[in-house]
K.L.:
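Quick one: the structure is below, and I'll ask about it shortly.
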Amino acid sequence: MSFFTTIRAELHVHTCLSPCAEVEMIPPLIVREAVERGIHLIAITDHNTTANIGGVIEAARGSGLTVLPGIEIQTREEVHSLCLFDTLEQAEAFDAWLRAGMAPFKNRPEYFGEQFVVDSTGDFIRREEQLLLMSVEHSLNDAFAAVEALGGLLIPAHVNRTAFGLLPVLGMLPPEPRFEAVEISRHLSPEKAVQQYPQLAKMPLLQGGDAHRLDELLGVNKFTIAEPNIAEIRLALAQREGRGFRLSPRT
């Protein structure tokens, strides 16, 4: 018999490696903030890279916080999607695949922001020289297939946003691939999202903090699951086999 528990999750978290994130987004502070807010599960989803995930996983050891490895990919359609995995090895394999489709442009910190790789304590290791805020050559369909092949889960990010949101960019929710959920931004209620985009009415709607600062860790996604992993999240989104998903009211 499976025993279920309801956990709070924030599946869209950036570290100081994302040039648009604040320098405060280092592993120990992310973990401390999540724990203090009663969040049980986070996904680290830096732009087009996995280099800081290991540090956050290490910082979370013994804290009770589960850290899923992830990436926020920007596909050639200029659409952002969250690519979530169970293991760092899966995420790094996806990282290698997407980097094969990245043009070799150097970051300009004075324009885009710094891209810091840090260790589990937040100490500086190096600057990432490759520009991360860019579209890769791979399509959304290509990314979906690559994530699925690795056992991961792809969720279009902040689909309502004018910049990089699937619905404003493509003008529709495409029939293929069939997404198991989409994420709306923290600035839009589920009710208003469905009113604005009726095609979302039958879709599970996650809400992401898209945390670039510590105070943006929301944790409003509530999963009733047996274990904090991708298979269980899939069952919860589908409301299957006793699992469940809902959004908790913002406080």
Side-chain angles (χ1 to χ4, degrees), residues 9-22 25 42-53 68-85 91 94-95 97-103 105 107 112-113 115 128 130-148 150 152-174 176-188 193 196-197 199-200 203-213 216-218 220-221 233 237:
E10 175 54 73
L11 300 180
H12 195 163
V13 181
H14 293 272
T15 75
C16 56
L17 181 51
S18 291
C20 44
E22 298 294 331
M25 297 300 284
I42 63 171
I44 299 301
T45 53
D46 282 315
H47 291 288
N48 292 335
T49 186
T50 58
N52 271 355
I53 295 173
L68 289 182
I71 291 179
E72 184 173 17
I73 189 174
Q74 182 174 316
T75 54
R76 71 177 178 221
E77 300 90 346
E78 296 195 345
V79 168
H80 285 184
S81 296
L82 305 176
C83 305
L84 309 178
F85 302 92
F94 183 72
D95 185 330
W97 175 83
L98 76 84
R99 286 204 175 224
M102 292 179 74
F105 296 146
N107 184 37
F112 296 105
Q115 300 178 158
E128 172 59 62
Q130 166 69 47
L131 175 63
L132 298 175
L133 279 181
M134 63 180 297
S135 294
V136 300
E137 295 178 1
H138 306 301
S139 70
L140 182 57
N141 281 0
D142 292 338
F144 185 90
V147 171
E148 290 281 302
L150 287 165
L153 174 63
L154 185 146
I155 299 170
H158 43 65
V159 295
N160 57 289
R161 269 183 35 186
T162 302
F164 308 114
L166 183 147
L167 292 172
V169 172
L170 298 185
M172 64 175 181
L173 188 65
E176 296 293 338
R178 294 188 177 274
F179 303 115
E180 295 170 71
V182 299
E183 180 202 60
I184 58 174
S185 75
R186 63 179 181 272
H187 304 296
L188 186 69
Q196 187 173 354
Y197 300 103
Q199 57 198 304
L200 297 181
M203 290 285 296
L205 300 181
L206 297 161
Q207 193 165 46
D210 193 5
H212 292 73
R213 305 185 312 179
E216 293 172 343
L217 287 161
L218 300 182
V220 298
N221 304 289
I233 289 172
L237 291 170

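Everything quoted here is computed from the prediction, not taken from an experiment. Side chains are part of it too, since the values below use all heavy atoms of this structure and drop only hydrogens, waters and symmetry mates.
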K.L.:
Please list, chain by chain and in numerical order, all residues satisfying side chain to side chain donor-acceptor pair (under 3.5 Å) with E78, sequence neighbours excluded.
P.N.:
none
K.L.:
Could you check whether any side-chain heavy atom of F105 comes within less than 4.5 Å of a side-chain heavy atom of L133, counting everything from C-beta outward?
P.N.:
no
K.L.:
Look up atom CG in L11 and atom OG1 in T45, then write down how far apart they are to the nearest 0.5 Å.
P.N.:
8.5 Å
K.L.:
Please check if the distance between the ring centroids of H187 and H158 is under 6.0 Å.
P.N.:
no
K.L.:
Only counting residues at least two apart or in another chain, list the ones meeting side-chain contact (heavy atoms from CB on, under 4.5 Å) with P168.
P.N.:
Y197
K.L.:
What are the two closest heavy atoms between P156 and S81, and how far apart are they?
P.N.:
CA-OG, 3.7 Å
K.L.:
Donor-acceptor check, side chain of Q196 to backbone of A193, threshold 3.5 angstrom: yes or no?
P.N.:
no
K.L.:
Taking side-chain contact (heavy atoms from CB on, under 4.5 Å) as the test, write out the residues that go with V169, two or more places apart.
P.N.:
V79
K.L.:
Which is it for E22 and H14 under the side-chain hydrogen bond (donor to acceptor under 3.5 Å, both in side chains) test, yes or no, and what are the steps along the way?
P.N.:
CA-CA 9 Å; E22 298 294 331; H14 293 272; over 6 Å; no
K.L.:
Judged by atom type as modelled, is there a donor-acceptor pair below 3.5 Å linking the side chain of Q207 to the main-chain atoms of L188?
P.N.:
yes
K.L.:
Residues two or more places apart in sequence or in another chain: which of them pass side-chain contact (heavy atoms from CB on, under 4.5 Å) with A100?
P.N.:
none
K.L.:
Would you give the length of the straight line joining atom NE2 of H80 to atom CD of E72, rounded to the nearest 0.5 angstrom?
P.N.:
5.0 Å
K.L.:
For F94, enumerate each residue passing the ring-ring contact (aromatic ring centres under 6.0 Å, His included) test, keeping only those at least two apart in sequence or located in another chain.
P.N.:
F85, W97
K.L.:
So do the side chains of E137 and M102 get within less than 4.5 Å of each other, counting heavy atoms only?
P.N.:
no
K.L.:
List for me each residue that meets side-chain contact (heavy atoms from CB on, under 4.5 Å) alongside E180, sequence neighbours excluded, and say none if there are none.
P.N.:
E148, L153, R234
K.L.:
State whether the side chain of E77 and the backbone N or O of F164 hold a donor-acceptor pair below 3.5 Å, judged by distance alone.
P.N.:
no
